[in-house]
2 protein chains.
Amino acid sequence: MLEINAPKITCPNCKLSELCLPYGLQKDEVAQLANIVKNKRPLQTDELLYSQGQACQSLYAIKSGSFRSFITTSEGVEQTMGFYLPGELMGLDSLQHGRFTCTTQALETASVCELPIIHLNELCAQIPSLQTQLMRILGKEISSDHDKIILLGHRTAKEKMATFLLMLSHRYNALGFSSTTFNLSMSRQDIANFLGLTIETVSRQLAFLSKQGVITVKQRGIQINNLDLLNTIVNPCPIHYVVNE
Amino acid sequence: MLEINAPKITCPNCKLSELCLPYGLQKDEVAQLANIVKNKRPLQTDELLYSQGQACQSLYAIKSGSFRSFITTSEGVEQTMGFYLPGELMGLDSLQHGRFTCTTQALETASVCELPIIHLNELCAQIPSLQTQLMRILGKEISSDHDKIILLGHRTAKEKMATFLLMLSHRYNALGFSSTTFNLSMSRQDIANFLGLTIETVSRQLAFLSKQGVITVKQRGIQINNLDLLNTIVNPCPIHYVVNE
DNA sequence: CGTACAATTGAGAATCCTCAAGAGCAGTGG
DNA sequence: CCACTGCTCTTGAGGATTCTCAATTGTACG
């Protein structure tokens with residue numbers, strides 16, 4: 001097969017390197033890392049990157065596009081675990097047993113870097129700062145899961161919706177995109193499932209925020225008109241949960 | 001201060017080593033690991049092992065007793081993140097920024113092994129199987145967080161309660177204790193907070209399961225009379241969530 | 001034995017879900 | 001160009017679950 005002459009993006013010239021594994025590494029170390037990266041062909045919308053239960057040989061870093069990861073329980077119930085944006089690492093949950101515990105699906109056309117775990121481990125032993133960075137990313141994964149637990153545990157539908165929008169806002173901002181205007185790559189159904197709500201409730205909460213003037217919604221297009229107010233919604237102050245009360 | 005002549009338990013003669021970091025290590029490697037372990041004095045009930053925001057120098061493995069970890073949000077709302085039993089590693093969430101993101105509190109008299117991170121990292125570089133095991137434990141932490149997300153996202157109060165009891169049952173079983181008779185080391189308030197419910201709902205669900213004869217409740221003493229039925233409650237089959245329907 | 005705290009139980013209220021219908025938009029074909 | 005189909009999303013009404021508030025019971029400890 002002929003290779004189209006697209007400029008090959010690898011770690012040393014990747015704009016996402018500050019968010020991804022190369023962060024904190026020396027130039028030559030980044031080059032070493034780039035050596036073990038396998039480029040995969042782009043994925044189409046709805047295409048699966050990997051499936052729950054599959055043996056895990058590699059981790060995947062997103063170059064472009066976005067993904068939804070979800071678990072299908074024994075009863076066939078889907079739970080969306082999260083959404084992944086460029087620069088983020090997918091597959092970390094599989095480190096326990098060497099099998100993916102989630103299925104990961106492209107929400108739009110997307111491209112990823114494949115990082116074979118064997119080589120990554122070897123490199124970690126050689127490059128302490130890579131090990132540190134991998135640990136940091138693992139820690140981030142854990143703490144972002146913690147955020148989700150708080151979100152699902154003690155938040156009303158309105159707070160969940162506002163938090164979800166702010167989460168995306170922050171992450172887009174970190175990527176250098178606008179923090180106030182962005183397009184949702186996921187459907188209402190995906191959002192509802194992620195937040196532990198129904199699609200109708202998501203729709204109603206968006207309508208409510210829209211009526212308040214906090215956001216403007218046009219299909220999947222979101223514009224945040226009042227970040228402060230959105231933050232206020234996320235941080236209410238229920239007296240009955242206050243410590244030592 | 002005089003040292004009471006208690007037999008000093010370290011990794012090589014610790015009964016929990018199969019569940020803890022030493023798993024999969026050679027004898028001499030376990031000894032090396034034991035060398036970096038600092039023994040801390042026992043903790044009393046309600047005593048804090050570490051607090052949210054504190055700089056994290058060490059991870060902690062539980063020798064005996066149990067812990068509750070929780071996050072206090074900016075509004076002062078507490079969210080219980082999880083409960084830790086012997087053989088489990090605490091502090092992993094801090095690997096991202098080097099600061100604890102949770103506060104961890106003893107639910108009863110407890111003792112822990114302190115694992116200085118610097119030394120642990122050095123040892124990981126020397127002992128590949130230790131690094132593998134640490135990764136495995138990190139993966140387990142992530143996948144147990146995923147279980148919590150599913151629990152909070154798509155479960156009714158009854159299912160949450162049943163799942164909680166089964167979770168404990170499995171973990172006690174793994175520790176060599178009875179999987180059907182155990183004492184809860186946490187209060188109803190702790191359980192409620194963990195499950196995203198109110199204390200009244202927890203109480204009512206326990207009463208309900210008790211009336212059904214599935215369990216017997218005597219204060220914090222729990223006896224599971226029908227494990228199968230409890231499993232059935234956890235695995236209902238809501239048609240509307242089924243994939244491709 | 002009385003106090004303090006934890007847990008249970010009851011009644012009414014609020015939130016979110018369920019079911020059902022309608023609106024908006026993209027793609028297809030006449 | 002417009003109707004038709006299919007899909008996603010929105011909107012409405014009623015119902016179920018869980019929360020809130022309040023009172024009571026139970027247990028531990030001085």
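Letters go in sequence order (proteins before strands), and every chain restarts at 1.
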Need one value for A:Ser203: base, sugar-phosphate or nothing, where a base atom within 4.0 Å counts as base even if backbone is also close, heavy atoms only. base

When we call it a touch if two heavy atoms are under 4.0 Å apart, what does A:Glu200 touch: a base, just sugar-phosphate, or nothing? base

Roughly how many Å is it from [atom1] in [X] to [atom2] in [N], rounded to a whole number?
X        : N      : atom1 : atom2 : result
A:Phe208 : D:dT11 : CZ    : P     : 14 Å
A:Gln205 : D:dT11 : CD    : P     : 12 Å
B:Arg204 : D:dA23 : CZ    : C1'   : 13 Å
A:Met161 : C:dC17 : CE    : C1'   : 17 Å
A:Leu209 : D:dT10 : CG    : P     : 12 Å

Does a side-chain heavy-atom distance below 4.5 Å link A:Phe67 with A:Val112? yes

Think B:Arg68 forms a cation-pi with B:Phe70, using NZ or CZ under 6.0 Å from the six-ring centre and within 45 degrees of its axis? yes

Taking the six-membered ring for Trp, are the ring centroids of B:Tyr50 and B:Tyr60 within less than 6.0 Å of each other? yes

Looking at B:Phe83 versus B:Phe194, is the centre-to-centre ring distance below 6.0 Å? yes

Reckon B:Thr201 has a side-chain N or O less than 4.0 Å from the OP1 or OP2 of D:dT18? no

